[in-house]
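Letters A, B, ... mirror the listed sequences (proteins, then strands); counts begin at 1. Because the structure is a prediction, the values reported are computed rather than measured.
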Amino acid sequence: MKEKSKKIKLKANKKVAVKKTVKIKPRSSFVAYDPAKIEKKWQKVWDVKKLYAASDSSKAKKFFPLVEFPFPSGAGLHTGHVRSYAAMDVVARKHRMMGENVLYPIGWDAFGLPTENYAIKTGKQPKLVTKENTDNFRRQLKMLGLSFDWSREINTTDPEYYKWTQWIFLQMYKKGLAYKDKININWCPKDKIGLANEEVVNGCCERCGTPVEKREKEQWMLAITKYADRLDKDLDSVNYLEKIKIQQRNWIGRSEGVELDFSIVDSNKGIKVFTTRADTLYGVTYAVLAPEHSLVSEMLEKVSNKKEVVAYIASAKKRDDMDRTAEGKEKTGVELKGIKAINPANNEEVPVWIADYVLASYGTGAVMAVPAHDERDFEFAKKYNLPIRHVIVPSVVDHVNPPRPEKQTKVRKNVHVIVFDPAKNKYLIIRNQKFGWDTVVIGGIEEGEEPLDSAVRELAEETGYTDVEFKRILGGPVRAAYFAKHKDENRVAFATALYFELKSEKRQAFEEGGENEGNEIMWIDPANFVPGKMVNSELPYWLERISLGKDGAYTGGGVLIDSGSFNGTDTEIAKKEISKFVHGKVITKYKLRDWVFSRQRYWGEPIPLVNCGKCGYVPLSEKDLPLILPAVKKYEPTDDGESPLAAIKSWVNVKCPTCKGPAKRETDTMPQWAGSSWYYLRYADPKNKKELISSKQLAKWQPVDWYNGGMEHTTLHLLYSRFWHKFLFDIGVVKTKEPYAKRTSHGLILAEGGAKMSKSVGNVVNPDEIVKLYGADTLRIYEMFMGPFDQAIAWNSESMIGPRRFIERVWNLSRKVKKDESSKEIDSLVHKTIKKVGDDIESMGFNTAISSLMILLNAFEKEETISKGHYQSFLQVLAPFAPHVTEELWMVQGNKKSIHQAPWPQFDPKKLVATSFNIVVQINGKVRATFVSDSDEEGVVKKYALLHPVIVKWLSGKAPDRVIYVPGKLVNIVVSGL
RNA sequence: GGGCGAGUGGCGGAAUUGGUAUACGCGCCAGUCUUAGGAACUGGUCCCGCAAGGGUUAAGGGUUCGAGUCCCUUCUCGCCCACCA
């Protein structure tokens, strides 16, 4: 698989370390560790003995770990491959030692553009280039000592392989999942190739970075959208990293909503809109169509500003993707004057607009606009001065004075007057001594009064302040239910907040006593102007709207207002009820688009169809598969976008399989993602000429138990292959709904300094050089040890020496091996290490696994001698990481069978239990003393802790208030007044 | 703008049912051996302090006997998506 090229920013303030060459001098009195010698030697032995071949007949439990097979580029293996492959190799080797029948396969995802581009440049046949590259990759993978089962090697460009890729395509065609459609495709003018949406990054070709153009072209499509629902739902049944599931779900983009009809005045036509917010229907103030919407041209004659509309459509078409995604792009649109649509809820006529913020490709290509409750509609309405109607209000229940069931309830409309004094940075509040609360100025809105007038009136009446500047209304109202102590009644208030700034201290006389009795007018800091300290439970909304600094749509839930008979209904309930009321159709939409499956290129699987003038597209008979990719002289795609295959007349012109009349072959080829969408199946039965996979092999090996790969394939390869698998399930070829039981991903390896490794920058680390310098075992351990497996990490050649020293020390350790028993502490540490390494491998904590092996080695080195048993156990748990050196040392110990066939050592749980305890004594949470206890009994430990001389000194006679004991670990003495 | 994640020595990083922060490795310092050291080995290495002791996990607040770990606020960085109604 091809790694997606991505831009990665340089981490700031990181020095690029100077690369040092390291001389490793042989030791004198001892056979020196020489990886160059032992690694080659053992690789040969393993190869000859077929040590890592999976057994089709074994009765042992099967284990099928999988890594993404590489695209064999001319650049050779990179460090990212090593990271993933070595990690799964560790897992595979451990499971093999656990006695499982392990299938750890590898192959080549060899179709693809880079090979073809290289062929164009050099005139070499892609087939030959592929052969050279795979040979090199194979050599490199073997050099690393990866325990692949080489007898099952597959290659997507092998006709015996792509026969089945073509076969699957034909089945899809027959089921109507493959269809031809004239679409606007993303066209890369440099690569001269159509791209899937997934292959366009920020409007540019993901391979070469050239801005993508739109071109209308007939393309083969695969109807992945028909599987959208299952691709989403079945994620529940697999063990993928959560972030992978989330990314897939986001990409599929399932959303549930309703389709509603807005009929058009004086016409039999209607606008179908899709919405997830049917509850806001009464807030619709206009409707919007995508410029490409078919209704637009149908109604054009009735539009009074036809010229303007036509011009707008033309300009929208010209806009390419770069323009559309440009930062801060302003929404544009134009009204279809003379056209009105009818809101089905209240039969109101609303204007109809066209605008490019509505996408033709999503939903119905038309929306009902609710500016009060949708950000985009809001922005648009502000720009074109369209009305904004609030129909949803947030709903709060007062936490301090909740409504009392026994009291009467009154509904009121309120204003909240929020006055800020910028000179003093303070807010105006009223403190009521009688009831003990703080509040902003509140007043009722009288009949026929504007909120602003009420606010000014109430402010003057209650506080006397008159010289204020009105800034703005803080969005729509908020509904609050509370008990009004001073009136002894429940209130449901719809409060609108108005924000003022104080201009001067000018005040008029105002009424004290009466209603205002006990009121104190105060200015408080913003720090105290917070929810919880104020009686106004709407305050969080006001503060949020103040901090936004501008008005915006309220997109949350709440309660309906101004919505006819639905007033007071909760949003969630209203969605259903309103939709029912206007006969909406409940519907699920997806962001996922159908997969553009054809490529006008040479180096891919030919699409096995024939186009007959009479019969249309006719599939080849299955016995005529594979349809072999013919040899051509020139690989260049043509400028008119036709595949180079179109130029081979003898190949193109055929007889129709159905009517035997003259017909032409389809000349498009399949994308690189085709062969990789099902390759994991073929490993179980790689040489089967009759079937894609036999049912016996299928039952034996499926599904993949653990699939590790790059995060960049989450929305492409992983989704595509799940789709193909589900299709194969539907036609009875496979028996599981999902191909991969578990999916994990590794982090990127960056170049030294944190930049992305790239050939053009020249900062690529070549595994060949590292192996030459340090050996494969060192490279493997380095990559496993460098950091957490799932995180991106920069290469650091300085650190490379650590793992090499580690291996040398293991090598030298063999001199200490005697038959004697080791100490109890060492014995316990060995067992702990066995457990830790085993657990860490399963949870991909490779770095901590190696760290614990280092700790054990350090302990061994402090001993005079170590026992043979302990030494061998150590080699065994190290073996998955460093297979060569451990094999050599294992054989030197006199073993006959390979260490990689030795059983995974067992740990004795009894030996993990400590016999003495390091007890930490704290006073008030601070460590004051430690001691060793041979008991972890609470009474004993506490007694010793309190008698400890240092503790006695610290306590200086004071009696502890409390003594807390954490079994076997810690005593915390709580004393007041120290 | 939305989603996900992260912030711990000079560097990569360890430690989460809350219980001695800085394991392991790199680098650095000193010593041993050596003609020599960019090798190897031994010891040291979070900060302040002669010490006793004090401080420290982006910043601030909270919960707790006890917080890197849990909660809130703020800041910074990375990744993915991005007009999806």
Side-chain angles (χ1 to χ4, degrees), chain A residues 6 8-9 11-12 14-15 17 20-28 202 242-244 246-247 249-251 253-255 257 273-277 280 288 324-325 329 331 355-359 361-370 374-377 379-380 589-593 711-712 714-715 747-748 754 781-782 785-788 790-803 805-806 808-809 812 845 847-848 850-855 857-858 861 918-930 960-975:
Chain A
K6 267 184 252 174
I8 283 162
K9 280 180 205 152
K11 275 193 199 167
K14 292 245 164 152
K15 276 189 297 183
K20 286 181 195 166
T21 49
V22 180
K23 278 187 227 158
I24 295 144
K25 204 180 167 185
R27 308 183 54 81
S28 50
N202 292 333
E242 200 50 37
K243 61 176 174 180
I244 296 175
I246 289 168
Q247 224 180 88
R249 287 219 162 94
N250 287 346
W251 192 264
R254 181 192 166 87
S255 85
V273 302
F274 174 70
T275 180
T276 56
R277 290 298 302 269
T280 62
V288 197
R324 288 206 174 189
T325 54
K329 182 190 164 286
K331 293 180 176 31
D356 67 353
Y357 81 92
V358 173
L359 306 175
S361 55
Y362 184 77
T364 58
V367 302
M368 58 181 224
V370 187
D374 182 280
E375 308 268 9
R376 296 151 300 178
D377 298 342
E379 194 189 317
F380 193 77
K589 294 278 178 191
Y590 302 91
K591 287 190 221 172
L592 188 69
R593 295 292 123 80
M711 216 44 210
E712 70 273 21
T714 303
T715 50
L748 228 57
I781 290 191
Y782 170 72
F785 184 61
M786 66 195 301
D790 60 343
Q791 268 174 41
I793 195 157
W795 191 266
N796 184 346
S797 55
E798 260 192 348
S799 295
M800 201 76 220
I801 192 67
R805 277 184 199 144
F806 169 67
E808 288 207 44
R809 284 161 57 204
N812 298 339
N847 54 336
T848 49
I850 289 167
S851 138
S852 66
L853 286 163
M854 288 172 169
I855 291 169
L857 175 65
N858 289 346
E861 285 182 337
N918 287 313
I919 304 292
V920 174
V921 190
Q922 299 182 330
I923 292 177
N924 293 338
K926 287 199 182 214
V927 179
R928 294 304 181 195
T930 57
D961 299 333
R962 225 175 126 185
V963 180
I964 286 143
Y965 179 56
V966 181
K969 279 185 178 161
L970 177 141
V971 177
N972 189 13
I973 300 164
V974 185
V975 193

Restricting to nitrogen or oxygen on both sides, can you table the protein-nucleotides 6-10 of chain B pairs closer than 3.5 Å?
none

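- In this structure rC75(B) sits in a base pair with rG7(B), meeting the Watson-Crick or G-U test at under 3.5 Å.
- Nucleotide rG18(B) is matched to nothing when pairs are restricted to Watson-Crick or G-U wobble geometry with both distances under 3.5 angstrom.
- Rounded to a whole angstrom, the distance from the C1' atom of rU34(B) to that of rG19(B) is 49 Å.
- Geometric assessment of Lys331(A) against the ring of Phe380(A) yields a negative cation-pi assignment under the 6.0 Å and 45° thresholds.
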Hey, what are the protein-to-nucleotides 18-22 of chain B N/O distances that come in under 3.5 Å?
unit_1, atom_1, unit_2, atom_2, d
rG19(B), N2, Asn972(A), ND2, 3.4

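- Syn is the conformation of rG9(B), whose glycosidic angle sits no further than 90° from 0.
- For the OP1/OP2 pair of rG55(B) and a distance below 4.0 Å, the side-chain nitrogens and oxygens of Lys926(A) include at least one atom meeting the criterion.
- Comparing the P positions of rU64(B) and rG12(B) gives a spacing of 36 Å, expressed to the nearest Å.
- Contact annotation: Ser255(A) reaches the phosphate of rA85(B) (side-chain N/O to OP1 or OP2, under 4.0 Å).
- Among the protein residues, Asp377(A) comes within range of no part of the nucleic acid, since none of its heavy atoms lies under 4.0 Å from any strand.
- Asn924(A) places a side-chain N or O within 3.5 Å of a backbone atom of Val975(A) that can act as its donor or acceptor partner.
- By the side-chain contact (heavy atoms from CB on, under 4.5 Å) test, Ser361(A) is found to be paired with Leu359(A), Arg593(A), residues two or more places apart in sequence or in another chain being considered.
- Of the candidates rC65(B), rG3(B), rC24(B), the closest approach to any side-chain atom of Val974(A) belongs to rC65(B).
- Closest to the side chain of Arg809(A), from the set rA23(B), rG25(B), rG53(B), is rG25(B).
- Partners of Arg277(A) under the salt bridge (charged side-chain N to carboxylate O under 4.0 Å, His left out) rule, at least two apart in sequence or in another chain, are Asp279(A).
- The nucleotide rG31(B) finds its pairing partner in rC41(B), both defining distances of the Watson-Crick or G-U wobble pair being shorter than 3.5 Å.
- Toward the 5' end of RNA chain B, the nearer of the two residues Ile850(A) and Met786(A), judged by each one's closest nucleotide, is Met786(A).
- Within the 4.0 angstrom heavy-atom criterion, base atoms lie near Ser851(A).
- In this structure, rA82(B) forms no base pair with any nucleotide, since neither Watson-Crick nor G-U wobble geometry is met with both distances under 3.5 Å.
- Side-chain atoms of Lys331(A) come within donor-acceptor range of the base of rC83(B), with a qualifying N/O pair under 3.5 Å.
- Between the CH2 atom of Trp795(A) and the P atom of rC26(B) there is a distance of 16 Å, rounded to whole Å.
- Among the heavy atoms of the strands, none lies under 4.0 Å from Ser361(A).
- Between Trp251(A) atom CH2 and rC79(B) atom P the separation is 17 Å, expressed in whole Å.
- Remark: C1' of rC80(B) and CD of Glu242(A) are 15 Å apart, rounded to the nearest angstrom.
- Counting to the nearest Å, the P atom of rG25(B) and the CD atom of Glu808(A) are 15 Å from each other.
- Comparing rG12(B), rC26(B), rA23(B) by their closest approach to the side chain of Phe785(A) singles out rG12(B).
- A distance of 5.5 Å separates CZ in Phe806(A) from CG in Leu857(A), rounded to the nearest 0.5 Å.
- Every residue meeting the salt bridge (charged side-chain N to carboxylate O under 4.0 Å, His left out) condition with Arg809(A), not counting sequence neighbours, appears here in chain and number order: Glu861(A).
- Here the C1' atom of nucleotide rC24(B) and the OH atom of Tyr782(A) are 15 Å apart, to the nearest Å.
- As rounded to whole Å, 13 Å separates atom P of rA40(B) from atom CD of Glu861(A).
- Across all strands, Pro788(A) comes closer than 4.0 Å only to sugar-phosphate atoms, never to a base (heavy-atom distances).
- Annotation: side-chain contact (heavy atoms from CB on, under 4.5 Å) contacts of Met800(A) (sequence neighbours excluded): Ile770(A), Tyr774(A), Thr778(A), Leu779(A), Tyr782(A), Trp795(A).
- Under the Watson-Crick or G-U wobble criterion, with both distances below 3.5 Å, rG12(B) is paired with rC24(B).
- Atoms CZ (Phe380(A)) and P (rC83(B)) sit 16 Å apart, rounded to a whole Å.
- Of the candidate nucleotides rG12(B), rC26(B), rA14(B), rA14(B) has the atom nearest to the side chain of Thr848(A).
- Put simply, Arg928(A) has no side-chain N or O that comes within less than 4.0 Å of OP1 or OP2 on rA52(B).
- Between Arg962(A) and rC65(B) there is a side-chain N or O to OP1 or OP2 distance below 4.0 Å.
- Atom P of rG60(B) sits at a distance of 14 Å from the matching atom of rG55(B), rounded to the whole Å.
- A gap of 13 Å separates the P atoms of rG25(B) and rG44(B), to the nearest Å.
- OP1 and OP2 of rG2(B) both lie 4.0 Å or more from every side-chain N or O belonging to Asn250(A).
- Between the side chain of Asn847(A) and the backbone N or O of Met786(A) there is no donor-acceptor pair closer than 3.5 Å.
- Spacing of P atoms, rG38(B) relative to rU32(B), comes out at 16 Å, to the nearest Å.
- Pairing for rU63(B) is absent, judged as Watson-Crick or G-U wobble with the two contacts each under 3.5 Å.
- Here the separation of rA15(B) from rC33(B), taken at their C1' atoms, is 38 Å to the nearest Å.
- On the P atoms, rG18(B) is 16 Å away from rG66(B), given to the nearest whole Å.
- Summarising the base pairing, rA51(B) is matched to no nucleotide, lacking a Watson-Crick or G-U wobble pair whose two defining distances lie under 3.5 Å.
- Among the atoms of the strands shown, none is found under 4.0 Å from any heavy atom of Lys589(A).
- Nucleotides rU20(B) and rA67(B) have their P atoms positioned 12 Å apart, rounded to a whole Å.
- Remark: Val273(A) engages Leu260(A), Phe262(A), Ile271(A), Ala366(A), Met368(A) in a side-chain contact (heavy atoms from CB on, under 4.5 Å) (not counting sequence neighbours).
- With RNA chain B read from its 5' end, the first of the two nearest nucleotides for Asp374(A) and Arg805(A) is the one closest to Arg805(A).
- In this structure, Gln247(A) atom CD and rG5(B) atom P are separated by 12 Å, rounded to whole Å.
- In this structure, the side-chain hydrogen bond (donor to acceptor under 3.5 Å, both in side chains) partners of Tyr590(A), at least two apart in sequence or on a different chain, are Asp229(A), Arg254(A).
- Stacking of Lys591(A) on the aromatic ring of Tyr362(A) is not recorded, the 6.0 Å distance cut-off and the 45° axial limit not both being met.
- With sequence neighbours excluded, the residues that form a side-chain contact (heavy atoms from CB on, under 4.5 Å) with Asn972(A) are Gln922(A), Ile964(A), Leu970(A).
- Annotation: the span from Ile973(A) atom CD1 to Asp961(A) atom CG amounts to 11.5 Å, rounded to 0.5 Å.
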